[in-house]
K.L.:
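Dropping a structure here in structure tokens format, bear with me for questions.
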Amino acid sequence: MFLRFLARTTGVLVLVVGMLTAAFAGSASACSCYPNDSEAQRYARAGYVFTGVVLAEVLDTGKSSDTYDDNHLYVIRVGTEYKGDVPVAVVTVETTVHGSMCGTRLAVGQDYLVFAYGSQGIFRTNSCSGNRAASGGPPITGPTTTPTATAAGAGAATPCAAQAV
């Protein structure tokens, strides 16, 4: 009788601990970019593609109690526009500070080819967007020759899927 009670109690305790662990465990974040993604595909998905020199980097800490809303704000002087209508000569482009959430770093003073998305003058980019040194030339806009790259991201709005697990 006592062993049966002990077995049931242990079973209930294991079940309760498992449920509490699942309910209160923190989430893990990971950045996943499309595999075999081509620059032409990144160009097609981007709302804005332009060259620009990074003039400044500012850390926006958002809510001080939450580090996951921290962003780098990059002030960029726009050079050549390849896609989208960038309304001003100097723009602010934001990205998360966390690499695990697809954040990217840009160096002040460097000239980049920026692949961005957004609306109403708010520009965002990430490590999956395809940003690179502008010295590499204009963006590749033609079709890709890699069949797997063509199928990898059909219909997606952004190449980055920062997912909470």
K.L.:
Less than 4.5 Å apart, any side-chain heavy atom of Leu113 and any of Pro139?
P.N.:
yes
K.L.:
List the residues meeting side-chain hydrogen bond (donor to acceptor under 3.5 Å, both in side chains) with Asn131, not counting sequence neighbours, and say none if there are none.
P.N.:
Thr125
K.L.:
Report yes or no: is the SG-SG distance between Cys128 and Cys33 under 2.5 Å?
P.N.:
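The answer is yes, since Cys33 and Cys128 bring their SG atoms under 2.5 Å apart.
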K.L.:
Treating Thr80 as the side-chain partner and Thr51 as the backbone partner, does any N or O pair qualify as donor plus acceptor under 3.5 Å?
P.N.:
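Judged by distance alone, no pair lies under 3.5 Å.
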K.L.:
Which residues end up grouped with Val91 if you chain together Ile, Leu, Val, Met, Phe, Trp and Tyr wherever their side-chain heavy atoms are less than 4.5 Å apart?
P.N.:
Tyr48, Phe50, Val54, Tyr74, Ile76, Val78, Val86, Val88, Val93, Leu106, Val108, Tyr112, Val114, Phe123
K.L.:
What's the shortest heavy-atom distance between Cys31 and Ser127, and which atoms?
P.N.:
SG-OG, 3.7 Å
K.L.:
Has Tyr82 got a side-chain atom pairing as donor or acceptor with Thr141's backbone, closer than 3.5 angstrom?
P.N.:
no
K.L.:
Report the distance from atom OG of Ser135 to atom CD of Gln110, rounding to the nearest 0.5 Å.
P.N.:
9.0 Å
K.L.:
Filter on salt bridge (charged side-chain N to carboxylate O under 4.0 Å, His left out), then keep only pairs touching residues 70-81, sequence neighbours left out; what's left?
P.N.:
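For residues 70-81, and leaving out neighbouring residues, there are no salt bridge (charged side-chain N to carboxylate O under 4.0 Å, His left out) pairs at all.
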K.L.:
Show, in sequence, the C-alpha distance, side-chain angles and deciding distance for Glu39 and Phe115, and conclude whether the side chain to side chain contact (heavy atoms under 4.5 Å, CB included) test is met.
P.N.:
CA-CA 10 Å; Glu39 185 164 281; Phe115 293 76; 3.8 Å; yes
K.L.:
In the hydrophobic clustering that connects Ile, Leu, Val, Met, Phe, Trp and Tyr at side-chain heavy-atom distances below 4.5 Å, which members other than Leu73 occupy its cluster, ordered by chain and number?
P.N.:
Val58
K.L.:
Can you list everything that forms a side-chain hydrogen bond (donor to acceptor under 3.5 Å, both in side chains) with Thr95? Sequence neighbours excluded, please.
P.N.:
none
K.L.:
Considering only Ile, Leu, Val, Met, Phe, Trp and Tyr, and joining two whenever side-chain heavy atoms are under 4.5 Å apart, list the other residues clustered with Ile122.
P.N.:
none
K.L.:
Decide yes or no on side chain to side chain contact (heavy atoms under 4.5 Å, CB included) for Asn126 and Thr96, but give the supporting numbers first.
P.N.:
CA-CA 8 Å; Asn126 59 55; Thr96 181; over 6 Å; no
K.L.:
Would you mind listing every salt bridge (charged side-chain N to carboxylate O under 4.0 Å, His left out) that reaches into residues 86-107, with sequence neighbours excluded?
P.N.:
Glu57-Arg105, Glu94-Arg124
